[in-house]
Amino acid sequence: MLLHDEIFEQPAVLAQGIATNSSAAADARAILDRNDVHHVVIVARGTSDNAARYAKYVWGTKLGMPVT
């Protein structure tokens, strides 16, 4: 598969990911909204490091929460 083809698959893959993981995302949001949660530690390896970096940026800026 060419990189060009992969790029055009992204919207469908993203939509499937949102549909598949919406419950887990809601659970995570409920935890982050608790008053006794003051810091987040993310453990990732390989390509998950990119997702972890993005989450660190979003949670840090949007929630004002320290993330490591």
Which residue pairs pass the salt bridge (Lys or Arg N to Asp or Glu O under 4.0 Å) test with at least one member in [range], sequence neighbours excluded?
range: residues 37-50; value: none
range: residues 30-41; value: Arg29-Asp33, Arg34-Asp36
range: residues 9-26; value: none

Residues sharing [X]'s hydrophobic cluster, by side-chain heavy-atom contacts under 4.5 Å among ILVMFWY, directly or via others?
X: Leu3; answer: Ile7
X: Leu2; answer: none
X: Ile18; answer: Leu14

Listed once per pair and sorted, the ring pair (Phe, Tyr, Trp, His ring centres under 6.0 Å) pairs that draw on residues 8-51, sequence neighbours left out:
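Sorted result for residues 8-51: His4-Phe8.
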Under a 4.5 Å side-chain heavy-atom rule over Ile, Leu, Val, Met, Phe, Trp and Tyr, are Tyr54 and Val40 clustered together?
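Same cluster.
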Listed once per pair and sorted, the side chain to side chain donor-acceptor pair (under 3.5 Å) pairs that draw on residues 12-27, sequence neighbours left out:
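Applying side chain to side chain donor-acceptor pair (under 3.5 Å) to every pair that reaches into residues 12-27, excluding sequence neighbours, yields nothing.
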Going by the rule side chain to side chain contact (heavy atoms under 4.5 Å, CB included), which residues pair with Ala52 if we only count those two or more places apart in sequence or in a different chain?
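Partners of Ala52 under the side chain to side chain contact (heavy atoms under 4.5 Å, CB included) test: Ile42, Ala44.
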Distance-only check: which donor-acceptor pairs under 3.5 Å involve side-chain atoms of residues 58-67, not counting sequence neighbours?
from  : atom 1 : to    : atom 2 : distance (Å)
Thr61 : OG1    : Tyr57 : O      : 2.8
Thr61 : OG1    : Val58 : O      : 3.4

